[in-house]
Amino acid sequence: MHTLYYSPGAASMVVHWLLIELGIAHELSLVDFETRAQKSSAYLALNPKGVVPTLVIDGQPHTEAAALLVHLADTHPAARLSPPVDAPLRLEFLRWMFHLANELQPLFRMWWYPHEPAGEGHEEAVHGATRARIEAEWSLIDAHLDEHGPYLLGESPSVADFYLVMLMRWSRNMPRPATAWPRLEALAGRMKALPSFRALYAREGLAEWA
Ligand SMILES: N[C@@H](CCC(=O)N[C@@H](CS)C(=O)NCC(=O)O)C(=O)O
């Protein structure tokens with residue numbers, strides 16, 4: 001049995017989406033950010049960084065959204081959401097997973113927690129710089145999709161596209177959201193049409209960017 005510790009719409013969202021898409025039996029455990037439950041000693045025992053997601057598999061806690069996605073996709077090969085290790089597209093798949101995890105996702109952390117990189121009082125400067133870098137990422141990915149799409153790996157979706165769509169969603173209230181880029185908007189439209197996305201929204205009680 002899998003148990004996902006989650007907060008609606010947070011980085012746990014894409015792991016939840018995959019659990020639904022792959023039909024993996026799981027339970028949900030809400031980590032209430034309002035009460036800072038992510039920093040409680042009980043939760044820190046599972047995830048010492050005090051962030052979501054944590055996925056408990058057979059009693060063992062596992063963290064880091066991108067690693068969880070690769071693991072879930074690799075262990076459910078029939079869904080074809082990650083190329084096998086010896087497939088020609090495997091390296092390109094890993095490149096995108098690492099790019100999203102190392103380059104794009106941390107920019108959102110800076111956008112929402114602007115005091116972290118530069119300390120209190122510098123939030124406006126961090127926001128300006130971060131916005132420019134996030135928009136540069138959308139331009140880069142949109143150009144890639146134009147040349148090699150319609151999905152990150154070409155003709156078929158992979159778990160990297162699920163991950164990308166979650167990150168796109170996070171930009172929905174930014175001055176220039178990811179959907180301002182046409183190939184990104186088209187990709188999100190296709191992924192959002194999946195029944196698993198609708199189920200995810202219902203289960204997390206989400207409404208925005210439906
Ligand atoms: N690298 C981690 C980042 C997780 C992360 O930053 N999660 C945020 C929500 S999107 C969180 O739990 N924030 C609560 C906090 O920092 O107190 C992952 O991808 O799993």
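In this chain, residues are counted from 1 in sequence order. Please read these numbers as outputs of a predicted model, since none were measured by experiment. Both ligands and their constituent atoms are indexed starting at 1 by order of listing. Any value given below was found using the heavy atoms of this structure, including those in side chains, with hydrogens, waters and symmetry copies removed.
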Selected option - heavy-atom contact closest to atom 16 (O) of ligand 1, from K49, R109, Q38: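 That would be R109.
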Which bit of [X] gets closer than 4.0 Å to ligand 1, counting heavy atoms only: side chain, backbone, both or neither?
X: F108; answer: neither
X: E64; answer: both
X: W112; answer: neither

Among all protein non-hydrogen atoms, which one is nearest to [atom], and what is the separation to 0.1 Å?
atom: atom 20 (O) of ligand 1; value: A65 N, 3.0 Å
atom: atom 9 (C) of ligand 1; value: A10 CB, 3.8 Å
atom: atom 7 (N) of ligand 1; value: V52 O, 3.0 Å
atom: atom 13 (N) of ligand 1; value: Y113 OH, 2.8 Å

What atoms of ligand 1 come within less than 4.0 Å of a heavy atom belonging to [X]?
X: K39; answer: 15 (C), 16 (O), 17 (O)
X: A11; answer: 10 (S)
X: P53; answer: 20 (O)

Geometric cation-pi criterion, R90 with F93: 6.0 Å, 45°: no
Cation over ring face, R176 and W181, 6.0 Å, 45°: yes
Please report whether ligand 1 has a polar contact with [X], defined as an N or O pair separated by less than 3.5 Å (distance criterion only).
X: A66; answer: no
X: Q105; answer: yes
X: V51; answer: no

ILVMFWY cluster, Y43 and L30 together (side-chain gap under 4.5 Å): no
V15 with V31, same ILVMFWY side-chain cluster at under 4.5 Å: no
side-chain hydrogen bond (donor to acceptor under 3.5 Å, both in side chains) assessment of Y6 paired with T54: CA-CA 7 Å; Y6 83 108; T54 301; over 6 Å; no
Step-by-step side-chain hydrogen bond (donor to acceptor under 3.5 Å, both in side chains) determination, D74 to S82: CA-CA 6 Å; D74 282 355; S82 62; 2.6 Å; yes
H144 to L152 - nearest heavy-atom pair and separation: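 Result for this residue pair: NE2-O, 2.8 Å.
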Test log, rule side chain to side chain contact (heavy atoms under 4.5 Å, CB included), inputs L68 and H62: CA-CA 8 Å; L68 295 170; H62 301 276; 3.7 Å; yes
Full working for side chain to side chain contact (heavy atoms under 4.5 Å, CB included) between E208 and N173: CA-CA 10 Å; E208 275 187 83; N173 295 321; 3.2 Å; yes
